[in-house]
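Take a look at the structure below.
One-based numbering, in listed order, for ligands and for the atoms of each.
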Amino acid sequence: MTFSPADHTRLEAFWRYCLTHQYFNVGYPESADFDYSLLHRFMRFSINNCGDWNEYSNYLLNSFDFEREVMRFFAELFHIPFEDSWGYVTNGGTEGNMFGCYLARELFPDATLYYSQDTHYSVAKIVRLLRIKAQVVASQANGEMDYDDLVARIAADGERHPIIFANIGTTLRGATDNIATIQQRLAQAGIRREDYYLHADAALSGMILPFVDAPEPYSFADGIDSICVSGHKMIGSPMPCGIVVARRANVERISVEIDYISARDQTISGSRNGHTPLMMWAALRSRSMDDWRERIQRCLDLAQHAVDRLRAAGIDAWRNPNSITVVFPCPSASVWKRHCLATSGDTAHLITTAHHRDSTQIDALVDEVIADLKAPGKPVTLSPLQAPLVDGLGSRNRVYSTVGQPRPELLPGHARPERDSGVARLKGSDI
Ligand SMILES: *Cc1c(COP(=O)(O)O)cnc(C)c1O
(Lines give C-alpha, C1' and ligand atoms only; values in the text may rest on other atoms or scores of the structure.)
Protein backbone atom coordinates (compact mmCIF):
# COMPACT_ATOMS: atom_id res chain seq x y z
CA MET A 1 0.00 0.00 0.00
CA THR A 2 1.42 3.39 -0.92
CA PHE A 3 0.00 6.71 0.16
CA SER A 4 0.28 10.21 -1.11
CA PRO A 5 2.16 12.52 1.27
CA ALA A 6 -1.15 14.13 2.18
CA ASP A 7 -2.72 10.80 3.07
CA HIS A 8 0.37 9.83 4.99
CA THR A 9 0.13 13.03 7.00
CA ARG A 10 -3.50 12.38 7.63
CA LEU A 11 -2.88 8.90 8.97
CA GLU A 12 -0.03 10.21 11.08
CA ALA A 13 -2.36 12.80 12.59
CA PHE A 14 -4.95 10.14 13.32
CA TRP A 15 -2.28 7.97 14.97
CA ARG A 16 -1.41 10.83 17.30
CA TYR A 17 -5.06 11.48 17.96
CA CYS A 18 -5.53 7.83 18.99
CA LEU A 19 -2.51 7.95 21.28
CA THR A 20 -3.88 11.07 22.90
CA HIS A 21 -7.30 9.63 23.52
CA GLN A 22 -6.52 6.00 24.24
CA TYR A 23 -7.17 6.21 27.97
CA PHE A 24 -9.59 9.06 27.79
CA ASN A 25 -12.90 7.35 28.15
CA VAL A 26 -13.85 7.49 31.79
CA GLY A 27 -17.58 7.62 31.00
CA TYR A 28 -17.44 4.33 29.10
CA PRO A 29 -16.38 0.87 30.17
CA GLU A 30 -13.78 0.17 27.48
CA SER A 31 -10.63 -1.28 29.00
CA ALA A 32 -7.63 0.01 27.10
CA ASP A 33 -4.90 -2.07 28.72
CA PHE A 34 -4.67 -4.85 26.20
CA ASP A 35 -1.75 -6.08 24.16
CA TYR A 36 -2.54 -8.35 21.27
CA SER A 37 0.71 -7.68 19.47
CA LEU A 38 1.46 -11.40 19.14
CA LEU A 39 -1.66 -11.60 17.01
CA HIS A 40 -0.82 -8.71 14.71
CA ARG A 41 0.70 -11.04 12.13
CA PHE A 42 -2.69 -12.66 11.59
CA MET A 43 -3.99 -9.39 10.20
CA ARG A 44 -2.65 -10.37 6.80
CA PHE A 45 -5.17 -13.20 6.50
CA SER A 46 -8.81 -12.94 5.55
CA ILE A 47 -10.01 -15.09 8.41
CA ASN A 48 -13.75 -15.61 8.29
CA ASN A 49 -15.84 -17.62 10.74
CA CYS A 50 -19.03 -17.73 8.72
CA GLY A 51 -21.28 -20.45 10.04
CA ASP A 52 -20.96 -22.56 13.16
CA TRP A 53 -17.61 -23.38 14.83
CA ASN A 54 -19.06 -26.76 15.68
CA GLU A 55 -19.46 -27.77 12.05
CA TYR A 56 -17.08 -28.38 9.20
CA SER A 57 -16.71 -25.34 6.98
CA ASN A 58 -15.51 -25.25 3.43
CA TYR A 59 -13.98 -21.88 4.19
CA LEU A 60 -10.77 -23.22 5.66
CA LEU A 61 -9.32 -19.92 6.86
CA ASN A 62 -11.37 -19.81 10.04
CA SER A 63 -10.49 -19.66 13.73
CA PHE A 64 -13.22 -22.09 14.80
CA ASP A 65 -10.90 -24.03 17.12
CA PHE A 66 -10.22 -20.87 19.09
CA GLU A 67 -13.86 -19.83 19.07
CA ARG A 68 -14.78 -23.24 20.49
CA GLU A 69 -12.37 -22.73 23.39
CA VAL A 70 -13.73 -19.26 24.06
CA MET A 71 -17.22 -20.69 24.21
CA ARG A 72 -16.06 -23.45 26.52
CA PHE A 73 -14.67 -20.82 28.89
CA PHE A 74 -17.92 -18.88 28.97
CA ALA A 75 -20.08 -21.97 29.37
CA GLU A 76 -18.07 -22.79 32.46
CA LEU A 77 -18.14 -19.20 33.68
CA PHE A 78 -21.92 -19.09 33.41
CA HIS A 79 -22.50 -22.54 34.92
CA ILE A 80 -23.86 -24.56 32.03
CA PRO A 81 -22.34 -27.84 30.82
CA PHE A 82 -20.54 -27.08 27.57
CA GLU A 83 -22.43 -29.82 25.73
CA ASP A 84 -25.74 -28.26 26.80
CA SER A 85 -24.76 -24.80 25.59
CA TRP A 86 -24.25 -23.14 22.28
CA GLY A 87 -23.04 -19.66 21.52
CA TYR A 88 -20.57 -17.74 19.45
CA VAL A 89 -18.29 -14.73 19.28
CA THR A 90 -20.44 -11.79 18.23
CA ASN A 91 -19.81 -8.24 17.09
CA GLY A 92 -20.71 -7.02 20.56
CA GLY A 93 -23.31 -6.99 23.29
CA THR A 94 -26.00 -5.74 20.95
CA GLU A 95 -25.72 -8.74 18.63
CA GLY A 96 -25.78 -11.03 21.66
CA ASN A 97 -28.95 -9.34 22.86
CA MET A 98 -30.45 -9.68 19.42
CA PHE A 99 -29.58 -13.37 19.33
CA GLY A 100 -31.20 -13.92 22.74
CA CYS A 101 -34.34 -12.04 21.71
CA TYR A 102 -34.45 -13.91 18.41
CA LEU A 103 -34.28 -17.29 20.16
CA ALA A 104 -36.99 -16.18 22.57
CA ARG A 105 -39.25 -15.02 19.77
CA GLU A 106 -38.78 -18.27 17.84
CA LEU A 107 -39.80 -20.19 20.97
CA PHE A 108 -42.74 -17.90 21.77
CA PRO A 109 -43.67 -16.16 18.50
CA ASP A 110 -46.55 -14.10 19.90
CA ALA A 111 -45.01 -13.27 23.22
CA THR A 112 -44.42 -9.86 24.74
CA LEU A 113 -40.91 -8.87 25.78
CA TYR A 114 -40.51 -6.93 29.03
CA TYR A 115 -37.53 -4.70 29.63
CA SER A 116 -36.90 -1.97 32.16
CA GLN A 117 -36.60 1.73 31.49
CA ASP A 118 -32.90 1.51 32.25
CA THR A 119 -32.25 -1.02 29.51
CA HIS A 120 -29.63 -0.27 26.85
CA TYR A 121 -31.01 1.73 23.94
CA SER A 122 -30.27 -1.09 21.48
CA VAL A 123 -33.10 -3.21 22.83
CA ALA A 124 -35.85 -0.90 21.57
CA LYS A 125 -34.20 -1.21 18.17
CA ILE A 126 -33.97 -4.99 18.41
CA VAL A 127 -37.64 -5.46 19.28
CA ARG A 128 -38.57 -3.28 16.31
CA LEU A 129 -36.31 -5.24 13.97
CA LEU A 130 -37.65 -8.56 15.21
CA ARG A 131 -41.21 -7.23 15.47
CA ILE A 132 -41.57 -8.40 19.02
CA LYS A 133 -44.33 -6.87 21.11
CA ALA A 134 -42.64 -5.08 23.97
CA GLN A 135 -43.47 -3.35 27.23
CA VAL A 136 -41.21 -0.99 29.11
CA VAL A 137 -41.19 -1.73 32.83
CA ALA A 138 -40.55 0.97 35.42
CA SER A 139 -37.20 1.10 37.20
CA GLN A 140 -36.45 1.57 40.86
CA ALA A 141 -34.37 4.53 41.98
CA ASN A 142 -31.13 2.55 41.75
CA GLY A 143 -31.81 1.54 38.15
CA GLU A 144 -33.02 -1.98 38.97
CA MET A 145 -36.26 -3.26 37.48
CA ASP A 146 -39.44 -2.57 39.46
CA TYR A 147 -40.67 -6.14 39.94
CA ASP A 148 -44.17 -5.07 41.01
CA ASP A 149 -44.55 -3.19 37.76
CA LEU A 150 -43.24 -6.21 35.83
CA VAL A 151 -45.83 -8.62 37.20
CA ALA A 152 -48.58 -6.00 36.99
CA ARG A 153 -47.86 -5.50 33.29
CA ILE A 154 -47.69 -9.22 32.58
CA ALA A 155 -51.04 -9.66 34.33
CA ALA A 156 -52.61 -6.69 32.53
CA ASP A 157 -51.44 -8.06 29.18
CA GLY A 158 -52.64 -11.56 30.04
CA GLU A 159 -49.24 -12.64 28.72
CA ARG A 160 -48.76 -16.37 29.17
CA HIS A 161 -45.27 -16.55 27.66
CA PRO A 162 -43.41 -13.48 28.82
CA ILE A 163 -39.90 -12.87 27.51
CA ILE A 164 -37.95 -11.17 30.28
CA PHE A 165 -34.99 -9.08 29.27
CA ALA A 166 -32.96 -8.68 32.47
CA ASN A 167 -30.03 -6.34 32.93
CA ILE A 168 -26.98 -7.69 34.64
CA GLY A 169 -25.43 -4.26 35.08
CA THR A 170 -27.29 -1.41 33.41
CA THR A 171 -25.44 1.01 31.19
CA LEU A 172 -26.09 4.18 33.17
CA ARG A 173 -26.32 3.10 36.80
CA GLY A 174 -24.73 -0.33 36.86
CA ALA A 175 -27.85 -1.90 38.34
CA THR A 176 -28.54 -5.62 38.25
CA ASP A 177 -32.07 -6.93 37.86
CA ASN A 178 -32.45 -9.75 40.36
CA ILE A 179 -33.25 -12.79 38.27
CA ALA A 180 -34.05 -14.84 41.37
CA THR A 181 -36.69 -12.29 42.37
CA ILE A 182 -38.02 -12.15 38.81
CA GLN A 183 -38.46 -15.91 38.79
CA GLN A 184 -40.10 -15.98 42.20
CA ARG A 185 -42.54 -13.32 41.09
CA LEU A 186 -43.33 -15.19 37.87
CA ALA A 187 -43.88 -18.42 39.82
CA GLN A 188 -46.20 -16.58 42.24
CA ALA A 189 -48.12 -15.31 39.23
CA GLY A 190 -48.64 -18.93 38.18
CA ILE A 191 -46.32 -18.83 35.17
CA ARG A 192 -44.45 -22.11 34.87
CA ARG A 193 -40.72 -22.23 34.12
CA GLU A 194 -41.21 -23.67 30.65
CA ASP A 195 -43.59 -20.87 29.75
CA TYR A 196 -41.20 -17.93 29.88
CA TYR A 197 -37.81 -16.96 28.51
CA LEU A 198 -35.16 -15.12 30.49
CA HIS A 199 -32.34 -13.33 28.71
CA ALA A 200 -29.51 -11.68 30.65
CA ASP A 201 -27.80 -8.62 29.21
CA ALA A 202 -24.45 -8.83 30.97
CA ALA A 203 -22.53 -6.65 28.53
CA LEU A 204 -20.27 -5.27 31.26
CA SER A 205 -21.04 -7.13 34.49
CA GLY A 206 -20.86 -10.56 32.88
CA MET A 207 -17.11 -10.24 33.41
CA ILE A 208 -17.51 -8.84 36.94
CA LEU A 209 -20.04 -10.94 38.84
CA PRO A 210 -18.33 -14.32 38.31
CA PHE A 211 -15.24 -12.89 40.01
CA VAL A 212 -16.65 -11.26 43.15
CA ASP A 213 -17.37 -12.75 46.56
CA ALA A 214 -21.09 -12.01 46.77
CA PRO A 215 -22.49 -11.80 43.23
CA GLU A 216 -26.12 -11.19 42.40
CA PRO A 217 -27.51 -14.23 40.53
CA TYR A 218 -26.37 -14.18 36.89
CA SER A 219 -25.92 -17.70 35.56
CA PHE A 220 -27.69 -20.59 33.87
CA ALA A 221 -27.70 -22.33 37.25
CA ASP A 222 -29.68 -19.29 38.46
CA GLY A 223 -32.21 -19.80 35.69
CA ILE A 224 -31.25 -17.72 32.66
CA ASP A 225 -31.82 -18.98 29.11
CA SER A 226 -29.19 -16.85 27.38
CA ILE A 227 -26.57 -14.26 28.23
CA CYS A 228 -24.36 -11.84 26.34
CA VAL A 229 -21.14 -10.08 27.26
CA SER A 230 -19.20 -7.42 25.36
CA GLY A 231 -15.57 -8.27 24.63
CA HIS A 232 -14.41 -4.68 24.28
CA LYS A 233 -15.51 -3.66 27.78
CA MET A 234 -14.00 -5.46 30.80
CA ILE A 235 -11.86 -7.77 28.66
CA GLY A 236 -10.67 -5.16 26.20
CA SER A 237 -10.13 -5.45 22.44
CA PRO A 238 -9.15 -3.15 19.60
CA MET A 239 -12.42 -3.78 17.81
CA PRO A 240 -15.90 -4.33 19.17
CA CYS A 241 -16.78 -7.94 19.87
CA GLY A 242 -18.60 -10.05 22.42
CA ILE A 243 -20.05 -13.44 23.14
CA VAL A 244 -23.48 -14.93 23.53
CA VAL A 245 -24.30 -18.23 25.24
CA ALA A 246 -27.68 -19.95 25.07
CA ARG A 247 -29.19 -23.31 25.91
CA ARG A 248 -28.35 -25.69 23.09
CA ALA A 249 -31.83 -27.23 23.06
CA ASN A 250 -33.33 -23.82 22.28
CA VAL A 251 -30.79 -23.10 19.57
CA GLU A 252 -31.44 -26.46 17.96
CA ARG A 253 -35.10 -25.66 17.73
CA ILE A 254 -34.34 -22.62 15.62
CA SER A 255 -31.60 -24.25 13.62
CA VAL A 256 -33.97 -26.96 12.47
CA GLU A 257 -36.20 -24.29 10.97
CA ILE A 258 -33.28 -22.53 9.35
CA ASP A 259 -32.01 -25.83 8.06
CA TYR A 260 -35.21 -26.14 6.15
CA ILE A 261 -34.57 -22.92 4.25
CA SER A 262 -30.83 -23.10 3.70
CA ALA A 263 -27.64 -24.39 5.25
CA ARG A 264 -27.22 -24.82 8.97
CA ASP A 265 -26.37 -21.40 10.25
CA GLN A 266 -27.44 -20.31 13.67
CA THR A 267 -25.66 -16.98 13.82
CA ILE A 268 -27.08 -13.61 12.87
CA SER A 269 -24.59 -12.44 10.29
CA GLY A 270 -23.18 -14.35 7.35
CA SER A 271 -19.46 -13.63 7.32
CA ARG A 272 -18.17 -13.34 10.85
CA ASN A 273 -15.02 -11.82 12.25
CA GLY A 274 -12.36 -14.50 12.59
CA HIS A 275 -9.84 -12.26 14.33
CA THR A 276 -11.93 -11.39 17.38
CA PRO A 277 -12.27 -15.04 18.51
CA LEU A 278 -8.47 -15.16 18.42
CA MET A 279 -8.32 -12.03 20.55
CA MET A 280 -10.86 -13.30 23.05
CA TRP A 281 -8.95 -16.57 23.25
CA ALA A 282 -5.68 -14.72 23.79
CA ALA A 283 -7.20 -12.51 26.50
CA LEU A 284 -8.63 -15.51 28.33
CA ARG A 285 -5.49 -17.65 27.99
CA SER A 286 -3.18 -14.93 29.23
CA ARG A 287 -4.92 -14.38 32.58
CA SER A 288 -5.70 -16.80 35.34
CA MET A 289 -8.97 -16.66 37.26
CA ASP A 290 -7.04 -15.02 40.08
CA ASP A 291 -5.74 -12.40 37.64
CA TRP A 292 -9.32 -11.59 36.67
CA ARG A 293 -10.37 -11.43 40.30
CA GLU A 294 -7.53 -9.06 41.11
CA ARG A 295 -8.23 -6.89 38.06
CA ILE A 296 -11.92 -6.62 38.85
CA GLN A 297 -11.37 -5.98 42.55
CA ARG A 298 -9.02 -3.15 41.64
CA CYS A 299 -11.76 -1.55 39.51
CA LEU A 300 -14.32 -1.99 42.32
CA ASP A 301 -11.96 -0.51 44.91
CA LEU A 302 -11.29 2.46 42.69
CA ALA A 303 -15.02 3.00 42.18
CA GLN A 304 -15.51 2.98 45.94
CA HIS A 305 -12.62 5.41 46.30
CA ALA A 306 -14.39 7.83 43.94
CA VAL A 307 -17.67 7.43 45.85
CA ASP A 308 -15.91 8.04 49.18
CA ARG A 309 -14.12 11.13 47.96
CA LEU A 310 -17.22 12.68 46.40
CA ARG A 311 -19.33 11.90 49.46
CA ALA A 312 -16.68 13.30 51.79
CA ALA A 313 -17.07 16.54 49.85
CA GLY A 314 -20.83 16.46 50.42
CA ILE A 315 -21.73 15.27 46.93
CA ASP A 316 -24.42 12.68 46.60
CA ALA A 317 -22.42 10.01 44.78
CA TRP A 318 -23.22 6.31 44.91
CA ARG A 319 -22.80 3.01 43.15
CA ASN A 320 -24.71 -0.24 43.02
CA PRO A 321 -23.23 -3.34 44.68
CA ASN A 322 -20.57 -5.02 42.53
CA SER A 323 -20.65 -2.14 40.08
CA ILE A 324 -17.75 -0.08 38.74
CA THR A 325 -20.15 2.67 37.65
CA VAL A 326 -20.15 5.69 39.97
CA VAL A 327 -23.24 7.88 39.71
CA PHE A 328 -23.29 11.53 40.80
CA PRO A 329 -25.08 14.78 39.98
CA CYS A 330 -24.19 16.07 36.54
CA PRO A 331 -21.49 18.76 36.64
CA SER A 332 -21.31 21.66 34.17
CA ALA A 333 -21.00 20.79 30.51
CA SER A 334 -17.43 22.07 30.46
CA VAL A 335 -16.48 19.39 33.00
CA TRP A 336 -18.34 16.42 31.59
CA LYS A 337 -17.29 17.25 28.06
CA ARG A 338 -13.65 17.64 28.97
CA HIS A 339 -13.63 14.28 30.75
CA CYS A 340 -15.94 12.46 28.32
CA LEU A 341 -18.27 11.62 31.19
CA ALA A 342 -21.49 9.94 30.19
CA THR A 343 -24.55 11.89 31.28
CA SER A 344 -28.25 11.25 31.36
CA GLY A 345 -30.68 13.85 32.58
CA ASP A 346 -29.38 15.33 35.81
CA THR A 347 -26.88 12.55 36.54
CA ALA A 348 -23.45 11.69 35.24
CA HIS A 349 -21.34 8.62 35.72
CA LEU A 350 -17.77 7.56 35.59
CA ILE A 351 -16.57 4.00 35.13
CA THR A 352 -13.39 2.73 36.70
CA THR A 353 -11.86 0.47 34.08
CA ALA A 354 -8.79 -1.67 34.45
CA HIS A 355 -6.38 0.70 32.72
CA HIS A 356 -6.76 3.05 35.68
CA ARG A 357 -3.81 1.49 37.41
CA ASP A 358 -3.92 4.03 40.20
CA SER A 359 -6.32 6.76 41.24
CA THR A 360 -4.52 9.60 39.40
CA GLN A 361 -7.08 10.08 36.65
CA ILE A 362 -10.06 9.51 38.90
CA ASP A 363 -8.72 11.91 41.54
CA ALA A 364 -8.12 14.64 38.98
CA LEU A 365 -11.64 14.21 37.69
CA VAL A 366 -13.14 14.05 41.18
CA ASP A 367 -11.31 17.27 42.12
CA GLU A 368 -12.88 19.04 39.19
CA VAL A 369 -16.33 17.64 39.81
CA ILE A 370 -16.16 18.73 43.43
CA ALA A 371 -14.95 22.20 42.50
CA ASP A 372 -17.69 22.49 39.93
CA LEU A 373 -20.58 21.18 41.98
CA LYS A 374 -19.62 23.02 45.13
CA ALA A 375 -19.34 26.34 43.33
CA PRO A 376 -22.04 26.43 40.67
CA GLY A 377 -21.66 29.22 38.19
CA LYS A 378 -18.04 29.74 39.03
CA PRO A 379 -15.65 28.93 36.24
CA VAL A 380 -13.43 26.01 37.10
CA THR A 381 -9.83 27.03 37.19
CA LEU A 382 -7.55 24.46 35.70
CA SER A 383 -4.25 23.44 37.13
CA PRO A 384 -1.49 23.26 34.54
CA LEU A 385 -1.73 19.49 34.41
CA GLN A 386 -5.43 19.65 33.66
CA ALA A 387 -5.12 22.25 30.95
CA PRO A 388 -6.75 21.30 27.69
CA LEU A 389 -4.66 20.01 24.87
CA VAL A 390 -2.30 22.43 23.29
CA ASP A 391 -0.72 20.54 20.46
CA GLY A 392 -2.46 17.19 20.32
CA LEU A 393 0.20 15.69 22.55
CA GLY A 394 -0.47 17.91 25.47
CA SER A 395 -0.22 17.63 29.17
CA ARG A 396 -3.65 16.05 29.49
CA ASN A 397 -2.12 12.72 28.65
CA ARG A 398 0.08 12.91 31.64
CA VAL A 399 -2.82 13.46 33.97
CA TYR A 400 -4.54 10.50 32.47
CA SER A 401 -1.58 8.29 32.05
CA THR A 402 -2.28 5.09 33.88
CA VAL A 403 1.34 4.70 34.86
CA GLY A 404 1.71 8.15 36.37
CA GLN A 405 4.57 9.00 34.02
CA PRO A 406 4.66 10.83 30.73
CA ARG A 407 4.18 8.09 28.21
CA PRO A 408 7.13 7.70 25.85
CA GLU A 409 4.87 6.83 22.95
CA LEU A 410 3.36 10.27 23.20
CA LEU A 411 6.57 11.76 21.99
CA PRO A 412 6.64 12.50 18.28
CA GLY A 413 8.43 9.90 16.23
CA HIS A 414 7.82 7.09 18.68
CA ALA A 415 6.33 4.49 16.44
CA ARG A 416 4.99 1.81 18.75
CA PRO A 417 3.26 2.20 22.08
CA GLU A 418 5.10 0.80 25.02
CA ARG A 419 2.86 -1.35 27.14
CA ASP A 420 2.01 -0.88 30.76
CA SER A 421 3.48 -3.48 33.00
CA GLY A 422 1.10 -6.10 34.25
CA VAL A 423 -1.28 -5.99 31.33
CA ALA A 424 -2.39 -9.08 29.51
CA ARG A 425 0.54 -10.49 27.67
CA LEU A 426 0.55 -13.57 25.60
CA LYS A 427 3.06 -16.16 26.45
CA GLY A 428 4.80 -17.52 23.39
CA SER A 429 3.81 -21.02 24.41
CA ASP A 430 0.14 -20.13 24.08
CA ILE A 431 0.38 -19.56 20.38
C1 LIG B 1 -22.61 -1.71 26.23
C2 LIG B 1 -23.91 -2.33 26.53
C3 LIG B 1 -24.66 -2.95 25.52
C4 LIG B 1 -24.26 -2.90 24.09
O5 LIG B 1 -23.11 -3.64 23.87
P6 LIG B 1 -22.21 -3.36 22.58
O7 LIG B 1 -21.07 -4.30 22.79
O8 LIG B 1 -21.84 -1.93 22.61
O9 LIG B 1 -23.03 -3.71 21.38
C10 LIG B 1 -25.83 -3.56 25.87
N11 LIG B 1 -26.25 -3.58 27.13
C12 LIG B 1 -25.57 -3.01 28.13
C13 LIG B 1 -26.08 -3.09 29.52
C14 LIG B 1 -24.38 -2.34 27.86
O15 LIG B 1 -23.70 -1.76 28.86
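Taking F108 as the reference, H161 meet the ring pair (Phe, Tyr, Trp, His ring centres under 6.0 Å) condition, with sequence neighbours excluded. Every residue meeting the side-chain hydrogen bond (donor to acceptor under 3.5 Å, both in side chains) condition with Y196, not counting sequence neighbours, appears here in chain and number order: Q183. Applying the side-chain hydrogen bond (donor to acceptor under 3.5 Å, both in side chains) criterion to Y114, with sequence neighbours excluded, gives D157.
Counting heavy-atom neighbours within 6.0 Å of R311 CZ, excluding the residue itself, gives a total above 12.
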Which atom pairs, nitrogen or oxygen on both sides, join ligand 1 and the protein at under 3.5 angstrom?
residue, atom, partner, partner atom, Å
ligand 1, 5 (O), S230, OG, 3.4
ligand 1, 7 (O), G93, N, 2.7
ligand 1, 7 (O), S230, OG, 2.8
ligand 1, 7 (O), H232, NE2, 2.7
ligand 1, 9 (O), G93, N, 3.3
ligand 1, 9 (O), T94, N, 2.8
ligand 1, 9 (O), T94, OG1, 2.6
ligand 1, 11 (N), D201, OD1, 3.1
ligand 1, 11 (N), D201, OD2, 2.6
ligand 1, 15 (O), T171, OG1, 3.2
ligand 1, 15 (O), K233, NZ, 2.9

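A side-chain donor-acceptor contact under 3.5 Å links S37 and D35.
Between D7 and R10, none of the side-chain N atoms (NZ, or NE/NH1/NH2) sits under 4.0 Å from a carboxylate O, so this pair counts as no salt bridge.
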